[in-house]
Amino acid sequence: MQYKHKLYICCIGAGYVGGPTMSVIASNCPQLRVEVVDINKDRIEAWNSNDFSKLPVFEPGLADIVKKCRGKNLFFSNKVEECISKADIIFISVNTPTKTKGIGAGFASDLKWIESSARQIAKFAKNHTVVVEKSTLPVKTAETIKSILNSSEDNVGSDQEKNKKTFSILSNPEFLAEGTAIEDLQNPDRVLIGGEDDYSINLISDIYKTWVDPEKIITTNLWSSELSKLVANAFLAQRISSINSISALCETTGADINEVVQAIGTDSRIGRKFLKPGPGFGGSCFKKDILNLVYLCRYYGLNEVADYWEKVVDINIWQQTRISTLIIQKLFSTLSNKKLAIFGFSFKANTNDTRESPSINISKNLLQDGAKLNFYDPKVNKLEILSELDEISNDTNVFVCDSALKAAQGTDAIIVLTDWDQFKYLDWKNIFEVMRKPAWVFDSRVFLDKEYLKSIGFKVWSLGS
Ligand code: NAD
Ligand code: UGA
C-alpha cells in the first residue's frame, strides 16, 4: 500500500512513554504529523501549557523538543476518536498496571486500557491502519488486539455490506529509562519491531531509520518482541536484587559492596551496569513486569521458572524491610517521638516520578514505628508525597520541606533514599549543626563521602559495608 499523503501518526496515551517518544519522532521526522491523545484532560492541558516547566513529564531535553515541534507537526489533544479516524499508524501507549482484583490479581497485567483502546480503534479507524503496541504487554496480547480489531462492526456482514477496514499489528516495545528518556530515544541500544507482514515492519523501521543506525533495528516475530520486553526488565531487575542481596552479606563479613562491585564489574562478561546497590528498585515497571512474567510462567505450568523470577521481587521487598529495621535498631530500637529527615522521594534521581519508589515502603515502615518524618526532594511536590503516604500520614507526622536544611532541623537522622547528585554537595556541616545529637546519616545509595561525614561528627551507616 502506498501512502501519497503526509503520514499521520496517532499515539493513544500521553504519559511518560507516549509524550517523550512521540516528541522525539516528531522532532526527527518533520514530514510526519504526530498527534498524541489522552482521555486525561489535565494531562493534555499540561502538555499544551505555555510554561514549559509545567509539562507533565520532567525529562532533561524534553521541553526544548516540545517547544520546537508543538503546533508544527506535534499535537496534544483529547480528540481520541477524531485522531484515530485520520491515522495511518496508531501507537498504543496506555498504562498496563498490575491487576488488583479478579483472576491473576497481584500478578497479571490489567489490560482494560489496552482493550478500550483497541475497541476505539476498531470503531473509528478507516481504511488500512498499522496498530503498534508500544505499551509493555504479556506475550500473546497481539492476539487479543487482533480479535477485537477484526470484529469491528464495519467488517461484520456480507462482503457487499462491509466497509472493509484492515489492520496490521506490530509490537514495538519501549526501552527508555526515566531521567534519560530523550537520550535513550535519540540513541537507543536497539529498536525492536515484531510483526507478521514486511510492509508494516518496513514502514515503522523507515521512521526509526531517520535517526537510528539501521543495524540497531531488530525485527522478530510478534511473540518474541512482546516477550523480550518483559525479559529485558526481568534481567535488569535481577542484577539489582543480586547485588542488593550481596550488600547484606558485605555488612556481616567486613567486605565492602563498592569494592565488590568494582571487582566483579570489571569482568567484561559481567559488566558494570545495573550493579549499583541501593534500597531496591522502584519505578512503575520492574515489579509489575516481573510479576507479569511470573503469572505467565504459572499460567503455562512452569512453576519452577515462576518461583525463580518471583524471588527477584521478594529480595527487593526484603531489602527495604531490612533497611527500615536497621534504622530503627540503630536509633535505640524505637522511633516514638523521634523526628527523621527523608532525603529523596522519587524512585531514582532526575525524575519526579514516585511510582513504587523505595521511599514509600521505607517511610511507611518508619511512620509505623512512631517516627515523625520531614521530607525533602528536589522535584517531587508535597501533594505527591502526601498522596503516596495517604493511609498512614496526618498533620502531625509528615512534613514536606523546601530545602534539605529545613528538613534536617531538629531531626535525629537523615535517611538518604534517592541518589540526587545535589545531596553530595549539601552543606553537611550546617546540617549537622541543626540536628539533635547523636546525629545519624543513613546512606542507602552508598554515594556520600562517609569519612567526610564522620569527620564532621555524624554517625554514618552506609549500605553494604
Ligand atoms: P502513564 O500512566 O504515564 O500514561 C498512560 C496514559 O494513557 C495515561 O495518561 C492515561 O490517561 C492514558 N490512557 C489510558 N487509556 C486510554 C484510552 N483508552 N484513551 C486515551 N488515553 C488513555 O504510563 P507510562 O509510564 O507512559 O507507561 C505506558 C506503557 O509503557 C506501560 O505499559 C509501561 O509498562 C510501558 N513503559 C513505561 C516506561 C516508563 O519509563 N514509564 C518505559 C518503558 C515502557
Ligand atoms: C527501567 C529500564 O531501565 C528501562 O529500560 C525500561 O524501559 C523501563 O524500566 C520500563 O520498562 O519502564 P526505569 O524504571 O525508568 O527504567 O529506571 P532504571 O534506571 O532502570 O531504574 C529502576 C530502579 O532501579 C530505580 O529505582 C533505580 O534507582 C534502581 N537501580 C537501577 C538500582 O538500584 N541500581 C542500579 O544499578 C540501577
Side-chain angles (χ1 to χ4, degrees), residues 10-22 36-44 46-47 56-57 59 76-81 83-84 90-98 109-121 133-138 141 172-181 184-185 188-189 229-230 232-237 239-244 247 261 265 271-290 292 316 319 344 346-351 353-359 417-420 444-446 463:
C10 165
C11 172
I12 306 181
Y16 283 86
V17 168
T21 310
M22 292 303 125
V36 190
V37 294
D38 204 294
I39 40 178
N40 182 329
K41 287 207 160 48
D42 294 341
R43 223 168 203 188
I44 291 299
W47 280 112
V57 174
E59 282 294 339
F76 296 92
S77 80
N78 299 114
K79 297 178 197 157
V80 181
E81 297 165 5
C83 289
I84 289 175
I90 300 177
F91 285 87
I92 305 181
S93 196
V94 300
N95 36 325
T96 51
T98 305
S109 290
D110 190 341
L111 297 181
K112 73 176 173 216
W113 290 276
I114 291 287
E115 188 179 329
S116 68
S117 301
R119 287 187 190 282
Q120 280 169 305
I121 297 170
E133 297 173 342
K134 190 47 118 177
S135 299
T136 304
L137 298 168
T141 303
N172 170 222
E174 187 45 62
F175 296 100
L176 69 80
E178 289 180 28
T180 52
D184 295 342
L185 287 164
D189 283 350
K229 171 64 195 176
L230 293 183
N233 274 359
F235 268 60
L236 291 170
R239 280 174 72 91
I240 300 170
S241 278
S242 298
I243 204 65
N244 284 343
S247 72
V261 165
R272 291 168 182 277
K273 292 184 179 165
F274 269 72
L275 283 185
K276 265 206 256 161
F281 54 79
S284 59
C285 295
F286 278 172
K287 185 172 151 205
K288 100 171 154 60
D289 293 347
I290 298 178
N292 190 206
N316 201 51
Q319 178 81 336
S346 58
F347 78 97
K348 63 175 190 176
N350 300 322
T351 176
D353 193 345
T354 63
R355 291 178 290 179
E356 297 292 338
S357 173
S359 299
L417 293 176
T418 310
D419 47 346
W420 284 105
S444 76
R445 295 281 182 170
V446 212
L463 181 84

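Each residue takes its place number in the sequence, starting with 1. Just follow the structure's listing: the first ligand is 1, and inside any ligand the first atom is 1.
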Is the closest side-chain donor-acceptor distance between Lys288 and Thr96 under 3.5 Å? yes
Near ligand 2, which residues have a heavy atom under 4.0 Å away from one of its atoms? Glu174, Phe175, Leu176, Ala177, Glu178, Lys229, Asn233, Leu236, Ile240, Phe274, Leu275, Lys276, Phe281, Gly282, Cys285, Phe286, Phe347, Lys348, Arg445
Over 12 non-hydrogen atoms of neighbours within 6.0 angstrom of NZ in Lys348: yes
So with a 6.0 Å cut-off around NZ of Lys134, is the heavy-atom count from everything else above 12? yes
Strictly distance-based, threshold 3.5 Å: is any side-chain N or O of Asp419 a donor or acceptor partner for the main-chain N or O of Ala349? yes
Sort out the contact shell of ligand 1: every protein residue with a heavy-atom distance below 4.0 Å, listed by chain and number. Ile12, Gly13, Gly15, Tyr16, Val17, Asp38, Ile39, Asn40, Arg43, Ser93, Val94, Asn95, Thr96, Trp113, Ser116, Ser117, Gln120, Ser135, Thr136, Glu174, Leu176, Glu178, Lys229, Ser284, Cys285, Lys288, Arg355
What I want to find out is whether Glu178 reaches Arg355 closely enough, with some N-O distance under 4.0 Å, to be called a salt bridge. yes
Here's a test for you: under side chain to side chain contact (heavy atoms under 4.5 Å, CB included), which of Asn172, Val36, Val17 qualifies with Phe91? Asn172
Side chain to side chain contact (heavy atoms under 4.5 Å, CB included) with Leu236: which residues, sequence neighbours excluded? Asn233, Phe274, Phe286
Name all residues meeting the side chain to side chain contact (heavy atoms under 4.5 Å, CB included) criterion together with Ser346; count only those two or more places apart in sequence or in a different chain, and write none if there are none. Thr351, Asp377, Val380, Thr418, Trp420
side-chain contact (heavy atoms from CB on, under 4.5 Å) assessment of Val37 paired with Ile84: CA-CA 9 Å; Val37 294; Ile84 289 175; 5.7 Å; no
